[in-house]
Protein chains: 2
Amino acid sequence: MEEIDRRIVTLLASDGRMSFTDLARETGLSVSAVHQRVRRLEKRGVVRGYAAIIDHDAVGLPMTAFVSIKPIDPAAPDDAPDRLSHLTAIEACHSVAGDESYILKVRVASPVALEDLLQQIRASANVSTRTTVVLSTPYEHRIPELADDSPTGHERTG
Amino acid sequence: MEEIDRRIVTLLASDGRMSFTDLARETGLSVSAVHQRVRRLEKRGVVRGYAAIIDHDAVGLPMTAFVSIKPIDPAAPDDAPDRLSHLTAIEACHSVAGDESYILKVRVASPVALEDLLQQIRASANVSTRTTVVLSTPYEHRIPELADDSPTGHERTG
DNA sequence: AGTGAAATGAATACGGG
DNA sequence: CCCGTATTCATTTCACT
């Protein structure tokens, strides 16, 4: 991916509602050219979608935690993500290297809601849990610097 | 916060570029009414912003890790978030309860880049690190169900 | 808080270099 | 792959309930 696409991606990552007009100004291209590029980035899956960033305190989910899970029966088929996907309090599920198999990021309303959620997680996926409660979040959702070329599987190799 | 605002927040969380026209259709309000509500949600900080969701593989940052940090000198003032904020590979920084003081979520291009980043983290904040590498991400950025009332500090109490 | 209507500005489709 | 133009559609403001 080259310079201008990287710039577009960075701009949209920091303001997902930026207009094509503004993107055009920032990149020095015409509106139709950026429009075309954004649609292509969406189609190729580089831009996977757009989301409002919500203040979880303000919507009644002030408690965040990381829940690491480990299967009770290590021989059983590992379909924990599927078994847990109905629990909407789980914002993310990462398969990880290390002692435990997944790290879940969860958002709940209260300590009691967390207790309840942990029981549901254990029951749904037959796992043990280890929970790390978030006290505060100095920052989140930051934009990385995108540098140089990256393998998209779409560019020409020569 | 009541029903319609919750609906608007949920819709924008799942599609940050949804038009006011579509929001109006989905909520049964007029365009100007939703417009007013969205602006109010933004002003009150319930909606903190908008972001494009990026495929990190496609932009050359295919490696994600969680880095837990612990101060070398527990007596020193704890300004790790400030000391680390210049490292753009750090997407999020959470202060946590437990043995360690912060969990960082980082995105890097390669194992070597992670090694380099860990050295920078240790040097910048005078901390030890414990790193959990993400192997795959079954899901991320999911939208929680927003239920009932939540304390925004803005609604009338009677 | 809500509405509809009017004016501005943005998104999209198109013809062409 | 880029541009400009023309059309359609969304955003924003306003006067009013």
Side-chain angles (χ1 to χ4, degrees), chain A residues 1-55 58-60 146 148-158, chain B residues 1-55 58-60 146 148-158:
Chain A
M1 202 175 51
E2 46 64 78
E3 183 57 22
I4 295 180
D5 280 352
R6 257 183 287 139
R7 180 115 187 85
I8 290 173
V9 165
T10 302
L11 288 164
L12 285 175
S14 75
D15 178 3
R17 280 186 88 103
M18 183 175 285
S19 68
F20 291 100
T21 308
D22 286 352
L23 286 170
R25 260 204 314 94
E26 297 279 344
T27 56
L29 266 68
S30 70
V31 173
S32 8
V34 283
H35 183 264
Q36 191 176 223
R37 276 169 180 263
V38 170
R39 290 297 176 245
R40 197 184 51 195
L41 289 164
E42 290 169 355
K43 186 156 149 285
R44 290 184 176 173
V46 179
V47 172
R48 291 170 40 176
Y50 302 90
I53 297 169
I54 301 309
D55 180 347
V59 297
L146 306 182
D148 285 298
D149 243 356
S150 48
T152 62
H154 292 284
E155 70 283 349
R156 306 236 176 273
T157 52
Chain B
M1 202 175 52
E2 46 65 79
E3 183 56 22
I4 295 181
D5 280 351
R6 256 183 288 137
R7 181 115 188 82
I8 290 173
V9 166
T10 301
L11 288 164
L12 285 176
S14 76
D15 179 3
R17 281 186 88 103
M18 184 175 283
S19 69
F20 292 100
T21 308
D22 286 352
L23 285 170
R25 260 202 318 93
E26 297 280 345
T27 55
L29 265 66
S30 68
V31 173
S32 7
V34 283
H35 182 262
Q36 192 176 222
R37 276 170 183 265
V38 170
R39 291 296 177 243
R40 197 184 51 196
L41 289 165
E42 290 169 353
K43 187 156 148 286
R44 288 182 177 176
V46 179
V47 172
R48 290 170 39 175
Y50 302 89
I53 298 170
I54 301 310
D55 180 346
V59 298
L146 307 182
D148 284 298
D149 243 355
S150 48
T152 62
H154 293 283
E155 71 284 351
R156 309 235 175 269
T157 53

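Below, chains carry the letters A, B, ... as their sequence lines are ordered, and counting in each starts from 1.
With distances taken from any side-chain atom of B:A33 to the nucleotides C:dG2, C:dT12, C:dA10, the minimum falls on C:dG2. Here the side chain of B:L29 is nearest to one of D:dC2, C:dT3, D:dT12, namely C:dT3. If you check C:dG4, C:dT12, C:dA10 against the side chain of A:F20, the one that comes closest is C:dT12.
You'll find the side chain of B:L41 reaches within 4.5 Å of the side chain of B:V9, heavy atoms only. No side-chain heavy atom of B:R7 sits less than 4.5 Å from a side-chain heavy atom of B:L23. The shortest distance between side-chain heavy atoms of A:H35 and A:R39 falls below 4.5 Å. Under the 4.5 Å side-chain criterion, counting only non-hydrogen atoms from C-beta, A:Y50 is in contact with A:L12.
Taking 4.0 angstrom as the limit, B:H35 places none of its side-chain polar atoms (N or O) nearer than this to OP1 or OP2 of D:dT11. In this structure, A:R17 reaches the D:dT11 phosphate: one of its side-chain N or O atoms is under 4.0 Å from OP1 or OP2. Here A:R37 reaches the OP1 or OP2 of D:dC2: one of its side-chain N or O atoms lies under 4.0 Å away.
Distance B:L23 CG to D:dT12 P: 12 Å, rounded to the nearest Å. We find that CG of B:D22 is positioned 8 Å from P of D:dT11, with the value rounded to whole Å. Rounding to whole angstrom units, CG of residue B:D15 and P of D:dA10 are separated by 13 Å. Spacing between atom CE of B:M18 and atom C1' of C:dA10 amounts to 18 Å, rounded to whole angstrom units. Protein atom CZ of A:R40 is 16 Å distant from nucleotide atom P of C:dT12, rounded to whole Å.
Comparing A:Q36 and B:R39 by the nucleotide of DNA chain D whose heavy atom lies nearest to each, the residue mapping closer to the 5' end is A:Q36.
Nucleic acid contact for B:S32: base, since at least one base atom lies under 4.0 Å from a heavy atom of the residue.
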